[in-house]
Engineer: 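To start, I am sharing the structure in question, which I have written as structure tokens.
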Number of protein chains: 2
Amino acid sequence: MDVLNPPNPPATVEEFRDRLAAVSDSLPRRLRQCADHIAANIDRIAVSTVAELAAGAGVPPSALMRFCQIMGYSGFSELQKMFREAYAPGFPDYTTRLANLKTGGAGSPSALLAEFVEAGRLSLETLAKSADEAALVEAVDILATARTVHIIGLRRAFPVASYLAYVFEKMQVPAMLHDGVGALDHRHALRDGDAVLAITFAPYSVETVAIASDAQARGLPVVALTDRLTSPIARASRAILMVTEVDFGAFRSLSATLAMAMALAVAVGSRRK
Amino acid sequence: MDVLNPPNPPATVEEFRDRLAAVSDSLPRRLRQCADHIAANIDRIAVSTVAELAAGAGVPPSALMRFCQIMGYSGFSELQKMFREAYAPGFPDYTTRLANLKTGGAGSPSALLAEFVEAGRLSLETLAKSADEAALVEAVDILATARTVHIIGLRRAFPVASYLAYVFEKMQVPAMLHDGVGALDHRHALRDGDAVLAITFAPYSVETVAIASDAQARGLPVVALTDRLTSPIARASRAILMVTEVDFGAFRSLSATLAMAMALAVAVGSRRK
DNA sequence: AAGTTTTTAGAATAAATATTCCAAAACGTC
DNA sequence: GACGTTTTGGAATATTTATTCTAAAAACTT
């Protein structure tokens, strides 16, 4: 065990999240996989076994054990005990429904539609449950006081970025969309007093991370909208809005991300009046 | 095992409750203690062990095992498995969490988030109920047989258009995104055998309608993704995918539209293999 | 490129947990 | 109060699950 890790393990879910965010930067590959999977499935810890979680993370059970110890626990059992005690009731059984849907009408367009609808609903639900209010408030603060908001998001994140640009324009918030058109380097557009809103999901695009780091290096605040606390952009950001989307097959929805984006944009817009 | 007990165990929490109520009248002392304690602590089954529950009920573990079998399961593990799968994310459940988010007061960032989450969910629900299966099948047909798919969507529809372009690219469907950059007229890019996928919402952008009409005039099939059957684009389209979004204040969500877009893109992609 | 440290996988082991079984107790019937 | 039936408790066993340990691989350092 590392001397840097305090011996007292997180005693609440909040503390657990904090420690997770704190250590995940400095984790080697397998342990980071553990961290990511645990972060995305924090609500299933109480009802899972080591083997199940390890399989989900794509690591051998022993890696997950090491992860538990790095988090400050004696082992998985101690960690799980905390989650079992901290649990709260209530079961809308969506997991089983989704499983049923998947085995059902495979392939037809309307079956696909049903899948994506369900994935979207689940994502929204997860967002409601896991949203970090403090981070959201901080993000609004940063963007509401910025001179100009620079929005960057490519590939899968681009629709979100362009939507934010649209809403900001409608609300007369000075914003600039960095879209990668022409492979121009827009970094010189950053001025003192500006802020960056960076959106990226695994696999993280280097351009986005680069702009965020650049801004950070120049002392400009960065708000990140991303899918993992362990995202490479996290280090460069002052506020991290984490959104996990449920995916169906290889395709991930954007419902939760857009809901978060809308809330952010409207909050910023009305704060600036 | 009793012949009166059907061999198929309850598969949902509801069924479990029903069976519990049905049998508990005719149970001997110890087994009734089990039934009572289980009924009172139904939400702890997923996170407890046989020993814990037995102790809570004041019976030996073997009594609880017999109880599980009377309920129709092979043992405790099978019963617990059902509850673990049904165990939806524990922390505050969805509705109470939404209520919590709103306590920040109207206009607070988290209240806004709650509203947009709710709007998104409602939109998805409506879509699930009202989707026109025939139109969707026809749209997939048209796009799957097209040489190149021309995607056009501006303003609020642009994020959807760019997302479709992204998914098509990932699925190796030849597609071209008409983005209005430089106010160029891209209509001459349309060739015989191509198809147009036009996305527009009120107030409908003239560029989108123009491209659709042009394609129609030249005999190319047009698929429309829009919000009204009376949309100006409807006349020019061979298949109309109608999606109505719930709006919150002046802001309309995109959840349902994106779910439809994903289903469409994936269906087309896999049809083209 | 050789040596040092860190990280990893998986087999081996330990611990917890579930399940069975049967002798004894309780119950009901005559 | 003896006899068959049902119910019970707990010890014995089986199974699952967690944890440790070590040799090998990978990643750094110099």
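Below, chains carry the letters A, B, ... as their sequence lines are ordered, and counting in each starts from 1.
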Engineer: Establish whether the base of D/dA18 is bridged to the side chain of A/Ser77 by a donor-acceptor pair shorter than 3.5 Å.
Structural biologist: no
Engineer: Side chains of A/Glu245 and A/Thr257 only: does a donor on one sit below 3.5 Å from an acceptor on the other?
Structural biologist: yes
Engineer: Would you indicate which nucleotide in D/dT20, C/dT7, D/dT8 comes nearest to any side-chain atom of A/Arg66?
Structural biologist: C/dT7
Engineer: For a quick test of reading the model: is some side-chain N or O of A/Arg29 closer than 4.0 Å to OP1 or OP2 of C/dT7?
Structural biologist: no
Engineer: For the helix from C/dA1-D/dT30 to C/dC30-D/dG1, how many degrees between its two end axes (five pairs per end), to the nearest 10°?
Structural biologist: 30°
Engineer: Atom CZ of B/Phe67 and atom C1' of C/dT20: how far apart are they, to the nearest Å?
Structural biologist: 19 Å
Engineer: Take atom CD1 of B/Ile45 and atom C1' of C/dA18, then tell me their distance rounded to the nearest Å.
Structural biologist: 16 Å
Engineer: Is it the case that the side chains of A/Arg66 and A/Gln69 hold a donor-acceptor pair, with the cut-off being a distance below 3.5 Å and no angle test?
Structural biologist: no
Engineer: List for me each residue that meets ring-ring contact (aromatic ring centres under 6.0 Å, His included) alongside B/Tyr166, sequence neighbours excluded, and say none if there are none.
Structural biologist: none
Engineer: Whole Å only: how far is the CZ atom of A/Arg32 from the P atom of D/dA27?
Structural biologist: 15 Å
Engineer: What is the distance, to the nearest angstrom, from the NZ atom on B/Lys81 to the C1' atom on C/dT17?
Structural biologist: 18 Å
Engineer: Among residues two or more places apart or on two chains, list those pairs meeting ring-ring contact (aromatic ring centres under 6.0 Å, His included) that have a residue in residues 21-71 of chain A.
Structural biologist: none
Engineer: Taking CZ from B/Phe76 and P from C/dT20, how many angstroms apart are they, rounded to a whole number?
Structural biologist: 14 Å
Engineer: Given C/dA18, D/dT8, D/dT20, identify the nucleotide with an atom nearest to the side chain of B/Gln80.
Structural biologist: C/dA18
Engineer: Please examine the side chains of B/Arg84 and B/Ile45, heavy atoms only from C-beta on, and report whether any two atoms are closer than 4.5 Å.
Structural biologist: no
Engineer: Whole-Å distance between C/dT13 C1' and A/Met65 CE?
Structural biologist: 13 Å
Engineer: Could you tell me whether B/Thr49 contacts a base, only the sugar-phosphate backbone, or nothing, with contacts defined as non-hydrogen atoms closer than 4.0 Å?
Structural biologist: sugar-phosphate
Engineer: Take B/Ser62 and A/Glu78, find for each the nucleotide of DNA chain D with the closest heavy atom, and name the residue whose nucleotide sits nearer the 5' end.
Structural biologist: B/Ser62
Engineer: Quick test of your reading of the model: are A/Glu52 and A/Arg44 salt-bridged, counting only N-O distances below 4.0 Å?
Structural biologist: no
Engineer: What's the CD-P distance between A/Gln33 and C/dT8, to the nearest Å?
Structural biologist: 9 Å
Engineer: Which nucleotide in the list D/dC21, C/dT7, C/dA18 gets nearest to the side chain of A/Pro28?
Structural biologist: C/dT7
Engineer: Specify the separation, in whole Å, of atom CD1 of B/Ile70 and atom P of C/dT19.
Structural biologist: 15 Å
Engineer: Would you indicate, yes or no, if C/dT20 has its OP1 or OP2 atom less than 4.0 angstrom from a side-chain nitrogen or oxygen of B/Gln69?
Structural biologist: yes
Engineer: Using side-chain heavy atoms (C-beta onward) and a distance below 4.5 Å, is B/Tyr73 in contact with B/Gln80?
Structural biologist: no
